[in-house]
Amino acid sequence: MKSPYTKSRRIPAYSAGTHAEAAADGAGSRTAGGGRAEALLSVRGLVKTFPGRRVLGRGAAPVRAVDSVDLELAAGETLGLVGESGCGKSTMGRMLVRLLEPTAGTVEFEGRDITHLSPRELQSTRRNLQIIFQDPHASLNPRQTVARIIAEPLLVQGASARAARDRAAELLTLVGLGAEHLDRHPYQFSGGQAQRIGIARALATGPRLIIADEPVSALDVSVQAQVVNLMERLSDELGLAFLFIAHDLSVVKRVSDRVAVMYLGRIVEIGDKRELYARPAHPYTRALLSAVPLPDPAAERRRERIILLGDPPSPAAPPSGCGFHPRCPKAQALCATDRPLLRIVGSGGRTAACHFPEVD
Ligand code: SF4
């Protein structure tokens with residue numbers, strides 16, 4: 001996707017009651033003055049703890065699924081969030097839209113702390129902050145028509161039935177379907193088409209940020225490419241910001257401006273996409289990237305694979321010190337006792353939580 005500094009908003013944003021198209025700038029502007037991107041989302045010390053399962057009547061330790069995460073996302077930026085299954089990335093995404101309540105920490109969106117807003121107060125925020133889910137069919141109400149599914153957030157915002165239906169038709173066209181699909185039901189669509197409907201619904205209120213939670217991982221590879229193309233186009237044309245959550249590093253590389261790597265509920269590395277993919281500093285990032293297939297067969301044969309031993313530890317019983325130390329090929333004694341904090345490493349503004357980062 002384009003740099004957040006070069007994006008511009010060219011798409012209609014819904015305005016309740018008038019169905020007006022937003023001006024290119026003004027309130028919908030993606031950049032702050034002086035050419036610097038404005039902070040759209042700011043996360044501080046975010047924690048999510050789930051109760052542990054009781055076994056034979058005995059309580060278990062709570063599960064710390066997300067552990068003190070700090071994150072910032074600029075207007076118009078796409079931040080990829082990657083990590084193995086169970087690392088806490090989807091829990092993060094759901095907390096950002098308050099589908100899950102954080103145990104601790106704050107989520108600031110458009111300069112406003114939304115962590116403790118009531119459902120009613122959240123309504124105006126939801127207009128600008130939307131989510132797309134992994135399984136498109138499971139996220140669409142099978143009893144509703146496509147028109148109703150897409151129109152629903154507009155009706156909640158006070159749109160008339162006519163305006164909401166017209167907008168739904170526009171959005172279907174925007175995502176590569178057509179108005180002729182308005183009166184069909186979700187089961188009549190393929191997975192890729194259903195995800196396009198999910199995207200249209202997310203776009204209905206003219207959001208500024210979309211949390212895309214594994215949006216293509218349930219789709220066939222060829223369909224994945226089409227949906228990724230669509231999301232790239234929408235990002236560029238609308239100036240949308242995305243938090244793109246995925247475990248496929250090839251997809252994340254393609255769509256993201258920056259990438260954050262998560263392990264055991266923590267961000268272990270974050271940085272500019274080109275820097276992070278070319279010179280990963282954290283051993284976990286290096287291992288993940290070493291498993292990504294290279295398009296050049298000769299380079300693929302030459303490159304060294306880093307095989308991680310064992311499975312990720314349970315977040316109910318995280319290791320002492322660095323959570324990655326039982327699997328880390330570079331671990332030293334310090335790693336088992338001292339938890340590394342995120343700090344700038346090397347050039348290019350990369351940030352990694354490692355006592356012994358790789359710095360080229
Ligand atoms: Fe490996 Fe130690 Fe760095 Fe953790 S702190 S990633 S165990 S080298």
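Atoms within a ligand are numbered from 1 in the order they appear, just like the ligands themselves.
Although no hydrogens or angles enter the test, the distance criterion places a donor-acceptor pair under 3.5 Å between the side chain of Ser290 and the main chain of Ile306.
At most 12 heavy atoms of other shown residues, nucleotides or ligands fall within 6.0 angstrom of atom CG in Asp311. For Lys253, the NZ atom counts as loosely surrounded, since its 6.0 Å shell holds 12 or fewer non-hydrogen atoms of other residues, nucleotides or ligands.
In summary, the aromatic rings of His137 and Phe189 are positioned with their centroids too far apart to meet the 6.0 Å limit.
The cationic atom of Lys48 (NZ for Lys, CZ for Arg) lies less than 6.0 Å from the six-membered ring centre of Phe50 and within 45° of the ring axis.
Near His282, with a cut-off below 4.0 Å to any heavy atom, the atoms of ligand 1 are 6 (S).
Around atom 2 (Fe) of ligand 1, the protein contributes the following N, O or S atoms under 2.8 Å, ordered by chain and number: Cys335 SG.
Side-chain N/O atoms of Glu84 and His247 include no donor and acceptor closer than 3.5 Å.
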